[in-house]
Colleague: 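If you scroll down you'll find the structure; I have some questions about it.
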Amino acid sequence: MQQELYIYNSLSRKKEVFEPINAPHVGLYVCGPTVYGDPHLGHARPAITFDILFRYLTHLGYKVRYVRNITDVGHLENDADEGEDKIAKKARLDQLEPMEVVQYYTNRYHTYMQGLNVLPPSIEPKASGHIIEQQEMIREILKNGYAYESNGSIYFDVVKYNKDHKYGELSGRNIEDMISNTRTLDGQDEKQNSVDFALWKKAAPEHIMRWPSEWSEGFPGWHLECSVMGRKYLGEQFDIHGGGMDLKFPHHECEIAQNNACDGDMNVKYWMHNNMITINGQKMGKSLGNFITLEQFVDGSHELLEQPYSPMTIRFFILQAHYRSTVDFSNEALQAAEKGMQRLFTALNTLEKLKASDKSSFNLSEIKEKCYQAINDDLNCPILISHLFDGVKIINSIKDGKATISDSDLAEMKELYKTFVFDILGLVSENNEAGASGKLTESLIDLLLNIRQQAKQNKDWATSDKVRDELKALGVIIKDTKDGFEWELE
RNA sequence: GGUCUCUUAGCCGAGUGGUUAGGCACCGGUCUGCAAAACCGUUUACGGCGGUUCGAAUCCGCCAGAGACCUCCA
């Protein structure tokens with residue numbers, strides 16, 4: 001099926017038809033985590049958003065090279081008294097090697113992304129592994145006259161750049177406003193203009209992470225790594241660059257400027273930005289006390305959480321909001337998502353057991369068409385999910401004998417749900433994992449429930465209720481049905 | 001202060017110039033020895049005030065409120 005995918009391009013502020021530069025190949029770059037802290041809820045949003053994009057493009061038959069970087073150097077910390085590399089600062093506090101910190105949190109990130117069923121990217125480059133390339137790009141920018149040296153550091157000359165190119169196009173800013181509005185920050189006196197930003201920063205004596213260069217012992221500036229790694233792995237022109245909305249300015253704006261200031265013709269065709277998450281209507285922030293790590297979410301240990309929430313609940317919940325809207329986390333909303341997802345999975349089990357009739361009493365191709373329309377409309381997963389729920393209603397009606405499905409439609413419907421629920425939305429049923437506690441356990445539970453069934457037939461309610469209550473206490477949920485029982489583990 | 005976005009029923013969250021989003025909760029029902037689960041049905045909307053229009057929750061203006069970025073952050 002030929003699909004026309006529309007995506008919202010932050011650059012044009014419009015939905016545009018997605019047309020790859022070199023079909024069937026698609027280059028996708030997404031800003032990954034800074035690995036100086038435990039993965040939190042905020043990391044889940046972009047990871048899941050672009051996971052959907054990656055999965056859908058792959059489903060459409062594109063050969064996608066998905067690059068998602070690991071930022072392990074180069075992010076200056078300006079709220080502190082001195083401009084110190086974040087990683088280095090944390091390392092000193094913990095008395096660890098910087099690379100030890102980086103490795104630890106990278107591993108943690110991977111673990112939790114796997115839990116969320118986020119596919120690994122094709123390439124996951126690290127900033128620290130591309131110092132040479134970053135220095136090379138600085139030389140190019142210097143050679144082209146868009147940067148200057150000051151006290152061993154190299155700054156990007158935004159004012160000069162703005163005369164030849166437009167600076168601020170992505171984030172809708174103009175340079176005059178910015179010059180009059182910028183506050184006094186660290187290193188300002190080294191800069192010619194307040195809007196200039198660092199390409200290379202000379203390391204202070206206490207700064208542990210440092211690399212030699214012809215300018216000074218130091219480290220690369222904030223924005224350089226993405227310019228460099230995007231170019232290295234996806235070429236001078238590539239299709240999609242994604243990231244959180246908070247990165248639009250200055251990070252992505254600076255990235256564009258760096259790219260344009262280089263030799264060659266650098267260009268990203270589509271810029272995509274996911275919106276942020278809030279918790280009980282508030283921005284998530286360390287200072288606000290509502291900063292929830294993924295570990296806390298899964299074990300329910302944060303004081304704002306009434307219960308643990310499984311990674312799939314988080315994923316499903318995030319997918320029930322459109323990626324360009326903010327999404328608000330609250331216990332009530334999460335519990336609603338948890339139940340809704342359960343209903344979807346129950347229906348998928350039902351679908352597997354349905355019996356076909358001569359013909360269908362509903363139009364399957366219409367549902368299929370609607371599902372594709374939804375995902376094609378800038379990855380509108382909430383609408384997609386609503387159509388899947390419409391199908392749930394039909395599946396249940398068929399089970400109840402109030403609707404019918406033909407043999408071929410049944411096969412197609414199974415395929416449709418497999419494609420959308422598992423392949424594209426990337427949801428996985430968690431009950432199957434729980435049920436994998438062993439064949440023996442399964443047999444034993446079945447045995448007990450068969451005994452209960454007999455007790456019920458003998459109207460021995462005392463025995464049947466005892467079995468039910470005690471199994472329930474052990475975490476086995478019993479569902480009595482018309483012709484017997486079903487059960488699942490909590 | 002600057003730039004921008006948002007405001008939808010009890011909660012979350014889509015969308016559209018005139019026709020049911022969806023999920024959860026509530027309520028009613030089916031099923032059941034009772035219950036749970038499951039399923040079916042159903043109620044409550046579009047921040048306020050103006051304007052454009054045959055018609056606006058959807059377009060425009062003003063007001064109020066919330067948020068984002070401008071400063072490390074996804």
Side-chain angles (χ1 to χ4, degrees), chain A residues 13 30-34 36-37 39-49 75-80 83-84 86 89 168 171-174 176-178 180-186 195 222 242-251 253 273-278 281-286 291 316-317 320-322 324-344 346-347 350 370 374 377 380-390 392-393 395-397 399-400 402 456 459-461 464-465 468-469 472 477-482 485-488:
Chain A
R13 295 175 177 76
V30 175
C31 293
T34 302
Y36 74 106
H40 54 78
L41 212 44
H43 289 112
R45 188 99 199 255
I48 290 171
T49 298
H75 273 226
L76 293 172
E77 214 170 56
N78 273 327
D79 53 347
E84 192 180 7
K86 260 188 182 168
K89 182 165 191 180
S171 55
R173 280 154 217 267
N174 75 68
E176 289 79 19
D177 288 351
M178 291 172 56
S180 56
N181 278 316
T182 308
R183 301 170 195 184
T184 311
L185 298 170
D186 169 64
V195 287
W222 314 353
M245 240 171 211
D246 52 330
L247 297 178
K248 226 183 199 179
F249 189 88
H251 184 61
E253 204 68 76
H273 292 93
N274 63 275
N275 214 320
M276 317 303 273
I277 60 134
T278 56
Q282 250 193 333
K283 177 188 169 166
M284 187 173 87
K286 277 183 174 148
F291 195 88
F316 187 76
F317 181 64
Q320 270 193 310
H322 189 261
R324 283 190 288 116
S325 302
T326 56
V327 62
D328 187 54
F329 278 70
S330 63
N331 283 289
E332 210 177 355
L334 281 159
Q335 285 158 15
E338 190 174 48
K339 286 184 187 166
M341 183 174 67
Q342 206 53 53
R343 184 156 173 250
L344 179 62
T346 303
T350 307
K370 282 180 173 174
D377 183 12
N380 199 328
C381 294
I383 291 289
L384 168 59
I385 290 171
S386 82
H387 292 318
L388 293 174
F389 272 112
D390 288 343
V392 165
K393 206 162 268 188
I395 290 168
N396 289 327
S397 298
K399 184 193 175 195
D400 280 7
K402 289 171 189 159
K456 280 174 72 174
K459 299 200 193 289
D460 178 4
W461 310 130
S464 80
D465 288 356
R468 179 176 69 192
D469 295 344
K472 192 184 173 198
I477 300 164
I478 299 160
K479 300 175 181 178
D480 286 345
T481 63
K482 260 206 174 96
F485 56 83
E486 290 171 2
W487 61 268
E488 60 187 40

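Since the model is a prediction, treat every value here as computed from it, not as a measurement. Throughout, a chain's letter reflects where its sequence line sits, starting with A, and its residues are numbered from 1.
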Colleague: If you go through the side-chain atoms of Asp480(A), does one of them form a donor-acceptor pair with the base of rA35(B) closer than 3.5 Å?
Modeller: yes
Colleague: Under 4.0 Å between any heavy atoms, over every strand shown, what does Leu344(A) touch: base, sugar-phosphate, or nothing? Just pick one.
Modeller: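 Nothing, no heavy atom under 4.0 Å.
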Colleague: Between rU43(B) and rC26(B), how far apart are the C1' atoms? Round to whole Å, please.
Modeller: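 rC26(B) and rU43(B) have their C1' atoms separated by 9 Å.
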Colleague: Rounding to an integer number of angstrom, what distance separates rA37(B) and rC49(B) when you compare their P atoms?
Modeller: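 Result for the P pair: 43 Å, nearest Å.
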Colleague: Could you measure between the two C1' atoms, the one in rC11(B) and the one in rC4(B), and give it in whole Å?
Modeller: 28 Å
Colleague: Sequence neighbours left out, what passes side chain to side chain contact (heavy atoms under 4.5 Å, CB included) with Asn275(A)? Give chain and number order.
Modeller: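 Result, side chain to side chain contact (heavy atoms under 4.5 Å, CB included) vs Asn275(A): Arg45(A), Met245(A), Thr326(A).
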Colleague: So what does Met276(A) hit on the nucleic acid, given a heavy-atom distance under 4.0 Å: a base, only sugar-phosphate, or nothing?
Modeller: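 The answer is base, as Met276(A) lies within the cut-off (heavy atoms under 4.0 Å) of a base atom.
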Colleague: Distance check needed: rU5(B) P versus His273(A) NE2, whole Å only.
Modeller: 15 Å
Colleague: Look at the side chain of Asp390(A) against the base of rG23(B) and say whether a donor-acceptor pair falls under 3.5 Å; ignore hydrogens and angles.
Modeller: no
Colleague: Which residues pass the side chain to side chain donor-acceptor pair (under 3.5 Å) test with Arg343(A), sequence neighbours left out?
Modeller: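 Checked Arg343(A) against side chain to side chain donor-acceptor pair (under 3.5 Å); zero matches.
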Colleague: Let me know, please, whether Asn274(A) or Lys393(A) comes out on the 5' side of the other along RNA chain B by nearest nucleotide.
Modeller: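 Residue closer to the 5' terminus by nearest nucleotide: Lys393(A).
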Colleague: Could you check whether His387(A) gets within reach of a base, just the sugar-phosphate, or nothing at all, counting any heavy atom under 4.0 Å?
Modeller: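 Here His387(A) touches no strand at all.
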Colleague: Please measure how far the C1' atom in rG17(B) lies from the corresponding atom in rC46(B), and state the result in whole Å.
Modeller: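 Nearest-Å result for rG17(B) against rC46(B) at atom C1': 14 Å.
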Colleague: Please tabulate the protein-to-nucleotide N/O contacts below 3.5 Å involving nucleotides 12-18 of chain B, giving atom names and distances.
Modeller:
residue: rG13(B); atom: OP1; partner: Asp328(A); partner atom: N; Å: 2.9
residue: rG13(B); atom: O2'; partner: Gln320(A); partner atom: O; Å: 3.4
residue: rA14(B); atom: OP1; partner: His322(A); partner atom: N; Å: 2.8
residue: rA14(B); atom: OP1; partner: Ser325(A); partner atom: OG; Å: 2.9
residue: rG15(B); atom: OP1; partner: Asn380(A); partner atom: ND2; Å: 3.3

Colleague: Which nucleotide sits closest to the side chain of Lys456(A): rC70(B), rC40(B), rG33(B)?
Modeller: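 Nearest to the side chain of Lys456(A) among the choices is rG33(B).
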Colleague: Describe the nucleic acid contact of Leu388(A) in one word from base, sugar-phosphate, nothing, applying a heavy-atom distance below 4.0 Å.
Modeller: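 No contact at all - Leu388(A) keeps every heavy atom at 4.0 Å or more from the nucleic acid.
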Colleague: When the distance from NE2 of His251(A) to P of rA74(B) is rounded to whole Å, what number comes out?
Modeller: 10 Å
Colleague: Using atom P of each nucleotide, how far apart are rC60(B) and rA68(B) to the nearest Å?
Modeller: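 To the nearest whole Å, 25 Å.
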Colleague: Could you state the CD-P distance from Gln342(A) to rC39(B), rounded to the nearest angstrom?
Modeller: 10 Å
Colleague: Could you tell me if the side chain of Phe316(A) sits less than 4.5 Å from the side chain of Glu338(A), heavy atoms only?
Modeller: no
Colleague: Taking donor-acceptor contacts at under 3.5 Å, does the side chain of Thr278(A) reach the base of rG67(B)?
Modeller: no
Colleague: Provide the distance between the two C1' atoms, one in rG41(B) and one in rC34(B), to the nearest whole Å.
Modeller: 25 Å
Colleague: Run the side chain to side chain donor-acceptor pair (under 3.5 Å) test against Asn380(A) and tell me which residues pass, sequence neighbours left out.
Modeller: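 Asn380(A) satisfies side chain to side chain donor-acceptor pair (under 3.5 Å) with no residue once adjacent residues are dropped.
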Colleague: Quick test: give all pairs of protein nitrogen or oxygen and nucleotides 24-26 of chain B nitrogen or oxygen below 3.5 Å, distance rounded to 0.1 Å.
Modeller:
residue: rA25(B); atom: OP1; partner: Lys339(A); partner atom: NZ; Å: 3.2

Colleague: Partners of Ser171(A) by side chain to side chain donor-acceptor pair (under 3.5 Å), sequence neighbours excluded?
Modeller: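 Result, side chain to side chain donor-acceptor pair (under 3.5 Å) vs Ser171(A): Arg173(A), Glu253(A).
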Colleague: Is there a donor and acceptor pair, one atom on the side chain of Arg173(A) and one on the base of rC4(B), closer than 3.5 Å?
Modeller: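 No, the side chain and the base share no sub-3.5 Å donor-acceptor pair.
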Colleague: From the list rA35(B), rC69(B), rA21(B), which nucleotide is the closest neighbour of the side chain of Ser386(A)?
Modeller: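 Output: rA21(B).
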Colleague: Could you measure between the two P atoms, the one in rU44(B) and the one in rC62(B), and give it in whole Å?
Modeller: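 That atom pair is separated by 34 Å.
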